[in-house]
Every structure is written in C-alpha cells, then in structure tokens.
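Here is the structure we will look at.
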Amino acid sequence: MSAPRQIIMVRHGQSKANVDQTLYNRLPDYRIPLTELGVAQAKAAGERVRRQLDGQKVRVYVSPYLRAYQTLEAMNLGDLVESTMEEPRLREQDWANFQNPAEIADQKELRNAYGHFFYRFREGESGSDVYDRVSSFMETLFRHWSRSSADPNTLLVTHGLTMRLFCMRWFHWSVEYFESLNNPGNAETRTLVRHGNRYVLDAAFDQWTPAEPSKTVLDAPEHIW
C-alpha cells in the first residue's frame with residue numbers, strides 16, 4: 001500500500017447556524033452556509049495546509065454539506081489539488097431533518113446523560129452510526145492508496161464529530177476516551193503524520209474530563225441519571 005505522508009483533516013469554518021441555531025428549523029442542515037468569519041477562518045486554514053503540503057499534491061475528500069464545500073473553496077489550494085471527491089460518509093451527524101431547537105436542546109441534555117457515542121437522535125444518528133460509516137470510508141481510502149498513482153497527501157474537509165470518530169477508529173481509542181474529547185474549533189486542523197509504518201496525531205483533541213485512550217466502561221463510575 002502506498003500510504004500517504006500525511007492525512008490532514010479540517011473542520012468547516014463557522015457556519016450561520018453556529019451563530020443562530022434557529023436556522024436549523026427553516027433550512028436543511030446540509031444547505032447551511034459559512035459566515036464571513038467562517039470564510040476568513042477557512043482562508044487561514046488554507047494557508048496552514050499549503051505550508052504543510054510544501055508543494056506536494058493532495059487528494060481531497062469533502063463532505064457534501066455546503067459549509068464544507070465553501071471551506072474547501074476558501075482554502076484556495078489551487079493546483080496542489082490532484083483530485084476532489086465528494087464523500088457523503090464524511091457528512092455531519094444526522095440529528096433530524098428540519099430541527100426544532102427546543103426539542104434538540106432536550107435531546108442534547110439526554111445525550112449528555114446517556115453518552116455521545118451511543119445516544120441516537122430521533123430521526124437521526126448516534127455517534128456509533130457515524131463511526132460505522134467512517135469505518136466504511138476507511139476501506140475506500142485503503143483501496144485508493146493501493147494504487148501506484150496514489151497522491152502523497154490526503155485531505156478530509158469534514159465536521160468536528162466526524163474528525164474525532166475518524167481518529168477513534170484509526171487509533172483504536174475506547175468509547176470512554178472518545179467521550180472525554182471536545183470537537184476542534186471551526187477551521188481547525190488535525191493531521192495524522194506517517195512515521196515509518198505508523199501514524200501519529202500532530203495535536204491532541206482538548207478534553208473536558210481526564211481519560212486515557214485505554215479507559216473502558218469497566219473503569220467508569222456507576223451512573224444513573
């Protein structure tokens with residue numbers, strides 16, 4: 001397998017729904033655009049990524065959501081991009097179709113008590129559902145990398161939860177460790193850098209509570225909500 005030198009992941013820039021959550025109940029999630037600040041964040045991310053690529057080509061996989069496409073466009077990687085593929089498995093976690101903010105707030109409270117990985121939103125997905133589709137996407141990556149013409153770098157333009165779950169699957173983190181992690185900020189990057197036959201993450205995700213990657217449910221305190 002011709003493994004890439006690095007796998008760069010970038011979360012989309014600030015979206016209009018990050019500022020006004022009521023937008024979810026009148027606009028489909030996948031059509032929500034970036035704010036002006038989000039575009040500026042994406043441009044700054046593009047400058048960082050260009051420095052990382054150092055003139056090398058990159059194959060891009062982008063979530064089909066408008067805010068992800070706008071992020072990639074604002075990054076302006078130009079002729080460094082060998083090819084771009086829309087990848088629905090990199091989409092945001094499905095919460096509902098048109099979302100009622102009050103109902104979603106209630107479900108978020110339930111999710112916080114139940115656990116982000118296993119809680120399934122009504123008319124939507126659980127974190128474990130996203131984990132499964134990320135696992136399927138990795139199989140596609142391995143097939144692409146097996147080709148002799150594989151590019152030396154891979155870029156995923158996606159969403160915060162999807163980035164965490166990609167790393168969880170790649171590094172075999174436990175569910176309990178995943179539960180301790182926060183999403184990266186808008187237009188933040190995380191990179192899996194190859195060292196010999198293995199990859200290391202260039203920067204850890206922030207944690208809201210201490211936990212180690214090997215922590216399991218056996219180590220968790222009893223919890224009744």
Side-chain angles (χ1 to χ4, degrees), residues 1 3-12 29 45 49 52 59-65 68 71 85 87-95 107-108 110-121 124-145 153-221 223:
M1 182 179 72
R5 180 171 66 90
Q6 53 187 347
I7 306 166
I8 305 168
M9 300 178 292
V10 60
R11 184 187 176 193
H12 62 80
D29 191 3
V49 170
Q52 284 184 250
R59 170 175 285 183
V60 179
Y61 300 85
V62 58
S63 158
Y65 281 40
T71 296
M85 179 179 295
E87 180 46 75
R89 289 169 293 185
L90 291 178
R91 70 186 185 275
E92 177 64 282
Q93 180 181 13
D94 294 331
W95 288 18
Q107 290 196 65
K108 282 184 177 180
L110 288 172
R111 179 190 62 175
N112 290 340
Y114 194 87
H116 287 221
F117 189 77
F118 291 114
Y119 182 83
R120 177 174 286 109
F121 284 92
E125 291 182 302
S126 66
S128 62
D129 293 326
V130 182
Y131 178 92
D132 290 343
R133 56 175 159 86
V134 165
S135 298
S136 170
F137 168 63
M138 282 186 180
E139 294 175 4
T140 299
L141 281 181
F142 295 143
R143 287 197 299 273
H144 289 176
W145 295 340
N153 301 281
T154 296
L155 173 64
L156 315 180
V157 184
T158 182
H159 307 265
L161 179 83
T162 312
M163 288 170 62
R164 285 191 287 144
L165 287 165
F166 184 94
C167 289
M168 178 187 176
R169 176 66 180 83
W170 188 279
F171 294 112
H172 306 289
W173 292 341
S174 69
V175 170
E176 294 298 319
Y177 181 67
F178 164 80
E179 294 283 4
S180 77
L181 304 177
N182 290 318
N183 274 347
N186 289 119
E188 281 191 8
T189 59
R190 293 293 187 276
T191 303
L192 283 68
V193 182
R194 182 159 59 91
H195 290 277
N197 293 324
R198 59 189 292 270
Y199 285 83
V200 296
L201 192 61
D202 69 333
F205 291 95
D206 291 338
Q207 291 179 278
W208 66 271
T209 187
E212 296 298 325
S214 58
K215 180 181 179 182
T216 71
V217 69
L218 289 172
D219 306 307
H223 176 75

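By convention here, the first residue in the shown sequence is residue 1. This is a predicted model, so every value here is computed, not measured.
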Practice prompt. Take T140 and R143 through the side chain to side chain donor-acceptor pair (under 3.5 Å) test and state the conclusion after the steps.
Written response: CA-CA 5 Å; T140 299; R143 287 197 299 273; 3.2 Å; yes
Worksheet entry | Ion pair check, E139 and R89, cut-off under 4.0 Å | no
Worksheet item: When Q6 is tested against each of N153, T191, T154 for side chain to side chain donor-acceptor pair (under 3.5 Å), which residue passes?
Response: N153
Worksheet item: Less than 4.5 Å apart, any side-chain heavy atom of N183 and any of L161?
Response: yes
Practice prompt. Provide the closest heavy-atom pair for T162 versus V134 in the form atom of the first, atom of the second, distance.
Written response: CG2-CG2, 3.9 Å
Discussion item. I need the minimum non-hydrogen distance between I7 and P4, along with the two atoms involved.
Written reply: CG1-CG, 3.9 Å
Discussion item. A side-chain contact here means heavy atoms from C-beta on lying under 4.5 Å apart; do H12 and Y65 qualify?
Written reply: no
Discussion item. Name the residue from R164, E125, R169, M168 that meets the side-chain contact (heavy atoms from CB on, under 4.5 Å) definition with V130.
Written reply: E125
Worksheet item: CD of Q107 to OH of Y114: how many Å apart, nearest 0.5 Å?
Response: 13.5 Å
Item to complete: Name the orientation class of the two ring planes belonging to W173 and F171 (parallel below 30°, tilted from 30 to 60°, perpendicular beyond 60°).
Response: parallel
Discussion item. I'd like to check the side-chain contact (heavy atoms from CB on, under 4.5 Å) partners of E212; sequence neighbours left out, ordered by chain and number.
Written reply: S214
Worksheet item: Is the shortest heavy-atom distance from the side chain of Y61 to the side chain of F137 under 4.5 Å?
Response: yes
Practice prompt. Measure the shortest side-chain to side-chain distance between F117 and E176 over non-hydrogen atoms and say whether it is less than 4.5 angstrom.
Written response: no
Item to complete: Would you verify whether the NZ or CZ of R111 falls within 45 degrees of the ring axis of F121 while also being under 6.0 Å from that six-membered ring's centre?
Response: no
Worksheet item: Out of curiosity, R198 CZ to L192 CG, how far, rounded to the nearest 0.5 Å?
Response: 11.0 Å
Worksheet item: Could you walk me through whether S126 and D129 pass the side chain to side chain donor-acceptor pair (under 3.5 Å) check?
Response: CA-CA 5 Å; S126 66; D129 293 326; 3.2 Å; yes
Worksheet item: Where is the tightest heavy-atom contact between C167 and M9, given as atom of each residue plus distance?
Response: SG-CE, 3.4 Å
Item to complete: Would you mind reporting whether V175 and F118 have side-chain heavy atoms less than 4.5 Å apart?
Response: yes
Worksheet item: For P88 and P64, which heavy atoms make the closest approach, and how far apart are they?
Response: CA-CD, 3.6 Å
Discussion item. Within this structure, what is the CG-OG1 distance for the pair D202 and T189, rounded to the nearest 0.5 Å?
Written reply: 6.0 Å
Item to complete: Name all residues meeting the side-chain hydrogen bond (donor to acceptor under 3.5 Å, both in side chains) criterion together with Q93; count only those two or more places apart in sequence or in a different chain, and write none if there are none.
Response: W95
Discussion item. Working to the nearest 0.5 angstrom, can you tell me the gap between I8 CD1 and L156 CG?
Written reply: 9.0 Å
Worksheet, complete the sentence: When rounded to the nearest 0.5 Å, the distance separating CG of L165 from CG of L90 is 11.5 Å
Discussion item. Are the side chains of F166 and L141 in contact, using a 4.5 Å heavy-atom criterion?
Written reply: yes
Item to complete: Keeping the roles fixed (side chain from R190, backbone from A203), state whether a donor-acceptor pair exists under 3.5 Å.
Response: yes
Practice prompt. Compare all side-chain heavy atoms of V10 with those of V49 and state whether any distance is below 4.5 angstrom.
Written response: no
Item to complete: Return the minimal non-hydrogen interatomic distance between G160 and R11, and the atom names on each side.
Response: N-CG, 3.7 Å
Worksheet item: Judged by atom type as modelled, is there a donor-acceptor pair below 3.5 Å linking the side chain of R133 to the main-chain atoms of R91?
Response: yes
Practice prompt. Indicate the atoms forming the closest heavy-atom contact of E188 with M163, along with that distance.
Written response: O-CE, 4.1 Å
